[in-house]
2 protein chains.
Amino acid sequence: MAEKKTAFQAEVEKVLRALRKEIYSGLRLPRERLVESDLALSFSVSRMVIRQALATLKTEGLVEIAPYKGASVAPISIKSIRENYQILSVLEGFATGLAAAGLRPEDLDNLKNIVKQQRALDPGDVKEWQRLNQDFHRTIEKACGNRRLGELIRRYAYFTTYWFLALSAPGRIAVNVKEHEAVVKALEKKDAEKARALVERHIMGAGEHLMEHLKLTMPMGILQ
Amino acid sequence: MAEKKTAFQAEVEKVLRALRKEIYSGLRLPRERLVESDLALSFSVSRMVIRQALATLKTEGLVEIAPYKGASVAPISIKSIRENYQILSVLEGFATGLAAAGLRPEDLDNLKNIVKQQRALDPGDVKEWQRLNQDFHRTIEKACGNRRLGELIRRYAYFTTYWFLALSAPGRIAVNVKEHEAVVKALEKKDAEKARALVERHIMGAGEHLMEHLKLTMPMGILQ
DNA sequence: CCTGATAATATTGTATACGATTTTGTTGAA
DNA sequence: TTCAACAAAATCGTATACAATATTATCAGG
């Protein structure tokens with residue numbers, strides 16, 4: 001994206017990575033205030049860096065900003081989760097369809113390898129599963145040949161690493177791996193339509209499953 | 001989006017509208033430099049306002065910004081046009097599918113009315129046609145029930161009003177109106193799948209037509 | 001006249017300072 | 001006690017000032 005970075009921008013990205021992690025790991029809970037001067041102090045960075053980072057997080061939907069009131073971790077609602085998953089599933093599905101055409105042999109090998117690792121995984125190792133899952137989709141995004149689409153997907157994909165999203169994962173891993181296998185098979189046959197449909201349902205399915213799970217297990221009040 | 005606006009933000013939006021118009025009307029040509037202090041003077045607004053506006057235009061893909069070199073109108077390439085149309089067609093198609101479910105009767109009437117006006121239009125009146133076209137899609141975006149999706153689409157839709165994009169319009173109006181009619185029919189039947197597919201092809205088709213047109217008529221050098 | 005080096009100018013990047021707004025704390029009357 | 005009114009403090013928003021960088025102009029040597 002940015003060919004050359006200034007020191008300022010590098011600092012912003014550092015803060016960005018840190019804050020994302022703090023938010024989606026659950027260290028910062030929804031509605032928690034993010035005071036600029038505090039953050040500036042704790043990251044030993046100027047307040048402008050923090051402001052820039054917060055503005056970016058706003059576009060990712062992770063924080064809300066109100067004039068003169070400041071930033072806070074965005075509250076999560078079933079509605080916002082659905083909105084995100086819908087967008088992500090559509091974009092990622094489309095990207096996969098595009099990738100079916102231009103996929104290089106080494107990319108396909110890479111995907112097969114990822115799926116194999118996933119199948120061999122300890123069913124409780126959610127963290128590693130999440131990493132492999134990310135790798136899988138990242139590979140496809142790169143291969144789709146639409147740079148702008150890739151950037152867009154990445155922005156929305158941060159969402160899926162939210163702390164509570166992992167809650168529903170253990171029961172999904174087996175299903176997920178099967179779906180990945182089907183996607184790889186479709187890509188191998190260069191069946192763009194099928195690959196696209198599979199991924200779309202794959203992601204939206206994960207979303208639906210998650211939302212059901214949340215409705216049952218979440219203490220009221222955290223969700224919106 | 002923004003519940004409350006500060007005076008600063010209002011000024012930013014004013015500049016934003018003006019600059020978008022200047023760019024996509026052709027007043028500012030690709031690669032033209034956008035010097036902050038000049039713009040600040042001509043809009044009688046602080047330089048910070050300009051900077052904020054330029055940053056936003058960057059996310060819309062209308063301008064490029066390089067550190068210490070400043071902003072310039074983004075050069076257009078066939079590739080970037082294709083990327084934009086792909087994204088837009090997918091998102092708008094999906095939104096239409098969603099809208100099929102939740103469309104209110106008055107929205108449907110509204111759409112029918114727009115199409116009727118379009119059919120009665122003087123084939124040379126590209127400006128009015130563009131306006132109606134925008135109305136048509138805006139109505140659908142609002143009815144889709146996914147706020148975030150609507151925002152996203154709007155960001156990418158600015159692109160389609162680029163000055164040279166209108167060049168290919170006259171030969172397209174008849175086709176376009178027919179396609180709109182088909183979409184309305186699908187919506188009336190609440191056939192989400194069909195509405196989605198129609199819109200997707202509708203927009204991507206417009207994109208393909210445009211790109212063919214540009215390859216033939218554009219003086220080399222303006223395109224990238 | 002060209003070319004490279006250097007100085008002068010123009011332009012952008014950002015830390016700082018200060019005004020605007022919200023939030024918190026205090027006080028006194030009902 | 002509870003509440004409203006006001007004051008004080010905290011926090012945010014942004015214009016300004018200056019530093020960093022890029023661009024243009026100048027000029028000496030070939």
Side-chain angles (χ1 to χ4, degrees), chain A residues 1-19 22-23 28-75, chain B residues 1-20 22-23 27-75:
Chain A
M1 178 145 73
E3 289 71 21
K4 283 191 177 177
K5 279 183 280 192
T6 169
F8 179 88
Q9 288 169 328
E11 284 185 330
V12 169
E13 287 183 22
K14 191 191 68 179
V15 171
L16 222 33
R17 277 192 296 273
L19 277 181
E22 290 186 7
I23 292 175
R28 310 254 187 199
L29 292 176
R31 298 212 177 276
E32 178 175 337
R33 291 195 57 191
L34 300 168
V35 176
E36 295 175 357
S37 42
D38 293 356
L39 293 174
L41 206 64
S42 73
F43 286 112
S44 24
V45 101
S46 100
R47 191 157 73 92
M48 298 300 279
V49 171
I50 302 293
R51 279 180 75 76
Q52 180 57 51
L54 290 175
T56 301
L57 289 175
K58 182 187 172 183
T59 75
E60 291 172 10
L62 284 179
V63 314
E64 285 182 346
I65 301 180
Y68 292 110
K69 302 188 85 186
S72 54
V73 178
Chain B
M1 177 146 72
E3 290 71 20
K4 284 190 177 176
K5 278 183 282 192
T6 171
F8 179 88
Q9 287 169 331
E11 285 184 328
V12 169
E13 287 182 24
K14 192 191 68 179
V15 171
L16 222 33
R17 277 190 297 272
L19 277 180
R20 275 197 210 102
E22 290 187 9
I23 292 174
L27 197 66
R28 310 254 185 198
L29 293 177
R31 298 209 178 279
E32 178 176 337
R33 289 196 57 191
L34 301 169
V35 176
E36 295 176 358
S37 43
D38 294 355
L39 294 174
L41 206 62
S42 72
F43 286 111
S44 23
V45 100
S46 99
R47 190 158 73 91
M48 297 301 279
V49 171
I50 302 293
R51 277 180 76 77
Q52 181 56 52
L54 291 175
T56 302
L57 289 176
K58 182 186 172 183
T59 75
E60 291 172 9
L62 283 179
V63 314
E64 285 182 345
I65 301 181
Y68 292 110
K69 303 187 87 184
S72 54
V73 178

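Quick caveat, the model's predicted, so the values are computed rather than measured. Per chain, numbering begins at 1; letters A, B, ... match sequence-line order.
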Distance-only check: which donor-acceptor pairs under 3.5 Å involve side-chain atoms of residues 60-68 of chain A, not counting sequence neighbours?
{"from": "E60(A)", "atom 1": "OE1", "to": "R20(A)", "atom 2": "NE", "distance (Å)": "2.9"}
{"from": "E60(A)", "atom 1": "OE2", "to": "R20(A)", "atom 2": "NE", "distance (Å)": "3.4"}
{"from": "E60(A)", "atom 1": "OE2", "to": "R20(A)", "atom 2": "NH2", "distance (Å)": "2.8"}

Name the pairs: protein N/O against N/O of nucleotides 7-16 of chain C, kept only if under 3.5 Å.
{"from": "dT12(C)", "atom 1": "OP1", "to": "E36(B)", "atom 2": "N", "distance (Å)": "3.3"}
{"from": "dT12(C)", "atom 1": "OP2", "to": "E36(B)", "atom 2": "N", "distance (Å)": "3.1"}
{"from": "dT12(C)", "atom 1": "O3'", "to": "Y68(B)", "atom 2": "N", "distance (Å)": "3.2"}
{"from": "dG13(C)", "atom 1": "OP1", "to": "Y68(B)", "atom 2": "N", "distance (Å)": "3.2"}
{"from": "dG13(C)", "atom 1": "OP2", "to": "R51(B)", "atom 2": "NH1", "distance (Å)": "2.5"}
{"from": "dG13(C)", "atom 1": "OP2", "to": "R51(B)", "atom 2": "NH2", "distance (Å)": "3.2"}
{"from": "dG13(C)", "atom 1": "O6", "to": "R47(B)", "atom 2": "NH2", "distance (Å)": "2.7"}
{"from": "dT14(C)", "atom 1": "OP1", "to": "T6(A)", "atom 2": "OG1", "distance (Å)": "3.0"}
{"from": "dA15(C)", "atom 1": "OP2", "to": "S46(A)", "atom 2": "OG", "distance (Å)": "2.4"}

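- For the salt bridge (Lys or Arg N to Asp or Glu O under 4.0 Å) condition, the pairs that include at least one residue of residues 33-46 of chain A, sequence neighbours left out, are E36(A)-R47(A), E36(A)-R51(A).
- Evaluation of the side-chain contact (heavy atoms from CB on, under 4.5 Å) rule for T6(A) yields F8(A), Q9(A) as partners, not counting sequence neighbours.
- For L39(A) and dC12(D), the CG to C1' distance is 13 Å, given to the nearest whole Å.
- For S46(B), the side-chain contact (heavy atoms from CB on, under 4.5 Å) partners are M48(B), V49(B), not counting sequence neighbours.
- Every side-chain contact (heavy atoms from CB on, under 4.5 Å) that L27(B) has, sequence neighbours left out, goes to E22(B), S25(B).
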